[in-house]
Every structure is written in C-alpha cells, then in structure tokens.
Amino acid sequence: MDELTLGRADFPDGFVFAAATSAYQIEGHAFGGAGRTHWDAFAEMPGRVHEGHTGAVACDHFHRWPEDLDLVRQAGLDGYRFSTSWARVMPDGVHVNPEGLDFYDRLVDGMLDRGLKPMATLYHWELPEALSRRGGWTVREIPERLADFASIIGRRLGDRLWSTAPINEPWCVAWLSHYEGHHAPGLQSLDAAGKAMHHVALSHGLSVAALRAENVGNLGAVCNMEYPHPLTDSEQDRQAARIYDGIYNRWFAAAMTKGQYPEEVMAGLEPYLPAGWRDDMATIAQPIDWFGINYYTCKRLTRGGDVWPRIVDAPGPLPKTDMGWEIYPEGLEKLLRRTATEYTGDLPLYITENGMANRDAVLGQDPERIAYLDGHLHAVRRVIEGGVPMKGYTFWSLLDNYEWAFGYDKRFGLVHVDFETQLRTPRASFHALVRALAA
Ligand code: IFM
C-alpha cells in the first residue's frame, strides 16, 4: 500500500494528529549531565537487552532536536508527544540538574516556534538508578518522589505544555517489569508486582495533584491496552482472557476513573498490595481532563502455570509485525468503545500511541506500515461515527529508536535512522502521512 485512504478531512474539526517518542529512547543519555537509570543497569545484566544496547547515544536527539522537530512539522502533524527524563532532570532522583531542565525548556519552545502542540509525558521508564536501589516501584517513596519531579516540571514548563500525563503505560512499569521481568528492573515476583501495581497507580494521582497545584492544565493518563482473545471457547481459556484483561486493560483504567481495582484481579493480587492501599484510591481517581490509550495488538490467552494468574499466550493466525504482534485494528475499535462506555464517558479520548515495527525490504519503503496505519485510522473513524469522543491520534514513532529489551533491532519510525551516521530518512509512510494530512 502506498497511500492512506483517509485524510484530515475524514476526521472532525480540531482532531489532533501527532507523533510520539520518549526521552531515553531517542535523546542520548550520555549527554547533558543525565544520571544513570535502571535501564543502564538492566542492559549490563547478561541476556536482558539485545546485545547489551543502551540509550547512551540513541538518536542523539539531545543535539539534533531542531532537525527532528522540523520533521514533525514537515509531516503536517499538529502535536508532538515527548517525555521528560527524570534521570536527566534529577540525576539522583532528588537534586536538580539545571542543564536537564534547560534542555526541555528549549525543546518546548522549539515546538511552539514550529506551531506544534507540546504533549508531555513525565515518566517514560527511565527511573534514576539511585531510586531503583532504594526499592524502585516496590516502595512508597517513589510515587512521592515522582510527584516532586512533576512539581518541578510543572513549574518550569507548565505554562507552555498543551497536555501532560504523568506516566506512560503503567502496566509496563508495574507488571511487565516486576512480574514478567522483561523490562527493568527485571523482577519476576508477584509480591513486587502487587506493590508496583499500586504504587504506579498512586504516582499517577499524586503527580496529577502536584501538577494542578502548579496550575498546569489539560492533565490526563496514558494506558496501554491489548485485545484479549480466549485461545479457545473453553471456560478455562475464557477465564484466562478475563484475568489478562483485568490486569492489562482494566486495572489502571478502573483505578484512575472509578477508584476501584477489578474484582477478577483482586482475587489473586490483593494479598500482595501494600498495607493501607484503600486509603489511596480517592487520590488515584481524582479528576483528569482526558484519557489516552496506546494500542498495538491482541493476545490469545490460555491457562498455564501453577500459580495465579495462570495465564500464557499462544501465537495467533493474523499477519504479524516485526515484533511478532498480530495486526488487529478491530481490537482498537472494541477497546475504545468499551473504555468510553465503562470508564471514561464524555472524557476526551486520544490514541496516544499506535504503530508497528517493520523491516524495510528496501530502505525507506514500508508499505506494511502504511497499511497498518490506514487500518487503525479506519477503526478510529468507525468509533467516532459511533459517538465516542475521540479527539486525536498519535503515531508511534517519529523515529526509529531504542526499543528497550530489543535494543536497536526493531524499527518503529516514520523516519529511518542510521545509528552509525545519525542520518534521518523519511520513509514512504511519512510521505503518505504528509499527503493525507494536507488533503
Ligand atoms: O517503544 C515502545 C514505547 O516506549 C511504549 N509503547 C510501546 C512502544 C513499542 O513497543
């Protein structure tokens, strides 16, 4: 496919099109006085990260940001979703590095100079290593410290940010990193996961409150969701899918919008939550102005393992991205409708990430990515026609970048990055987007 079949005119007036990146994945953490993060430590552990890659240089966005923001503008996008690295602004998680704050100040002004909406996420996974050593997300100190970071960012940048969310993909920060062990700090412990699932939710609430206290407006949440298919129609598989859905899709959405955790998860996880968790639920559920969903794929769930939650996932039949993720735009449609019906109501909904990893057969030629984008934009449009208050769509990602445990081996960019020379080459998908947004 070489053209998108929908363009700007097919979406409501004011619908925001954006592209996203995150700090550790593109900036180059070796520059500007940033502190070590738990990802640097994780990458040093044998076998955890592809070839031990780190974000030390990444896309050298720290120096090349003007060129990168020019690309966002050339694409015809309205906004740029970026994140602020906690370890850049507070290398030890406590004391401020002025050079780090100055960097984000210049970056936000650079967006405004180009007519782009600055869409900030405070925490996209680079926990300062010093805080990780104090127990990281398993201890209550971390949500409190994140709220301090939120105040500092709010005070310095809040007057110019278009939108702000405290945390990218709480499920990844908590479950993927403390139960599945695929992300830093790489734990595989139900006890650690229970603590993290609550502390990450609490950090959302405390940070929203801290931002409001600094008069920062348009605050939201960014949660990832995957469509949970039972592998077969058996009751066991349906139960596995329900629990997966509860942990992945409902836990944070329910906590942030209703102040409740889903029953099907509490049945197994409640014993591992930190003492006094109930007292935090009102803080977690305080009002927000919008809700964002990151969506990539679906899963096929079946019963497995000896202890709760007894779930494994199996390969599915649909075409897959280079991550091995099935391409299933209908899942986005179903999850958006359900989120609006059960959790967010009239609250503006955004796609805050959607995209695919792909290997170009010929450098810059990515017809698969154009088809993926097209399929998901159609899903969003169907949801809008059904009356869901969708207000924007954000593509992941502007640039090829550091794909966490996969290092630089997976490429999600509208723009190809040569990590040797740092040359940026807009792909066919970038050019298709330019035409669709101009039309
Ligand atoms: O690269 C990640 C990003 O950091 C968070 N959302 C999913 C992307 C693709 O895996």
Side-chain angles (χ1 to χ4, degrees), residues 18-29 37-40 42-43 48-50 53-55 58-59 61 68 80-88 119-127 165-177 180 182-184 200 220-227 248-249 252 291-299 313 320-328 331-332 335 350-359 366 368-369 372-373 376 393-417 419 429:
T21 62
S22 91
Y24 191 81
Q25 292 180 273
I26 65 165
E27 287 175 0
H29 242 250
T37 78
H38 68 166
W39 271 94
D40 299 305
F42 191 57
R48 295 309 191 106
V49 174
H50 177 76
H53 291 170
T54 71
C59 306
H61 177 75
D68 294 337
Y80 177 55
R81 180 171 173 250
F82 70 109
S83 75
T84 49
S85 162
W86 192 353
R88 176 177 298 294
M119 305 157 88
T121 304
L122 300 184
Y123 181 76
H124 197 127
W125 308 354
E126 55 284 289
L127 187 68
I167 298 185
N168 184 67
E169 299 184 353
W171 176 87
C172 292
V173 180
W175 194 260
L176 185 66
S177 309
E180 297 190 7
H182 295 313
H183 277 192
V200 172
V222 174
C223 291
N224 48 329
M225 295 195 178
E226 286 188 348
Y227 192 79
Y248 203 114
N249 300 320
F252 293 102
F291 193 86
I293 293 179
N294 295 358
Y295 176 83
Y296 290 87
T297 188
C298 60
K299 280 274 166 28
D313 60 275
K320 298 179 183 59
T321 72
D322 194 38
M323 298 294 280
W325 297 348
E326 283 185 278
I327 300 173
Y328 185 58
L332 174 61
L335 287 168
Y350 290 84
I351 307 299
T352 32
E353 281 182 29
N354 175 239
M356 76 180 289
N358 189 53
R359 283 186 195 272
D366 58 347
E368 302 86 355
R369 186 173 281 109
Y372 182 100
L373 178 53
H376 288 81
Y393 173 92
T394 310
F395 189 82
W396 182 272
S397 176
L398 175 69
L399 303 170
D400 290 343
N401 58 49
Y402 179 69
E403 179 53 24
W404 306 111
F406 296 90
Y408 297 97
D409 190 48
K410 303 291 178 193
R411 293 178 176 269
F412 276 88
L414 292 167
V415 175
H416 176 274
V417 177
F419 293 107
S429 54

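As the structure is a prediction and not an experimental result, all values here were calculated from the model. Both ligands and their constituent atoms are indexed starting at 1 by order of listing.
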Which protein non-hydrogen atom lies closest to [atom], naming both residue and atom, and how far is it?
| atom | answer |
| --- | --- |
| atom 1 (O) of ligand 1 | E403 OE1, 2.6 Å |
| atom 7 (C) of ligand 1 | E353 OE1, 3.2 Å |
| atom 8 (C) of ligand 1 | Y296 OH, 3.5 Å |

Hey, does W404 come in under 3.5 Å of ligand 1, counting only N/O atoms on both sides?
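In this structure, W404 places an N or O atom under 3.5 Å from an N or O of ligand 1.
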Under 3.5 Å between some N or O of ligand 1 and some N or O of W125?
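No: no nitrogen or oxygen of W125 is under 3.5 Å from one in ligand 1.
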Of the non-hydrogen atoms in W86 and L127, which two are nearest, and what is the gap between them?
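Closest heavy-atom pair between W86 and L127: CZ3-CD1, 3.6 Å.
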Where do A357 and M323 come nearest, in terms of heavy atoms and distance?
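Shortest heavy-atom separation between A357 and M323 comes out as CB-CG, 3.7 Å.
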With a 6.0 Å cut-off on the ring centroids, do W39 and H183 count as close?
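Distance test on ring centres: under 6.0 Å, yes.
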Would you mind running through ligand 1 and noting each atom that sits below 4.0 Å from a heavy atom of F412?
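Under 4.0 Å from F412, ligand 1 has these atoms: 9 (C), 10 (O).
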Where ligand 1 meets W325 - atom numbers and elements under 4.0 angstrom, heavy-atom basis:
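Every atom of ligand 1 under 4.0 Å from some heavy atom of W325: 10 (O).
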Here's a test for you: under ring pair (Phe, Tyr, Trp, His ring centres under 6.0 Å), which of F395, Y248, W325 qualifies with Y296?
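When F395, Y248, W325 are each tested with Y296, the ring pair (Phe, Tyr, Trp, His ring centres under 6.0 Å) holds only for W325.
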State if H124 counts as touching ligand 1 under the rule of any non-hydrogen atom under 4.0 Å.
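So H124 counts as touching ligand 1.
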Give the ring-plane orientation class for W404 versus Y402, where under 30° counts as parallel, over 60° as perpendicular and anything between as tilted.
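W404 and Y402: perpendicular rings.
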When you check the side-chain N and O atoms of T37 and H29, is any donor under 3.5 Å from an acceptor?
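Judged by distance alone, the side chains do not pair up.
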Counting only heavy atoms, which portion of N168 has something under 4.0 Å from ligand 1: side chain, backbone, both, or neither?
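The answer is the side chain of N168.
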For ligand 1, indicate whether the residue E169 contacts it via side chain, backbone, both or neither (heavy-atom separation under 4.0 Å).
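It is the side chain that gets close, since no backbone atom is under 4.0 Å.
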Nearest 0.5 Å, what's the CD-OG1 distance between E326 and T321?
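Here the interatomic distance stands at 10.0 Å.
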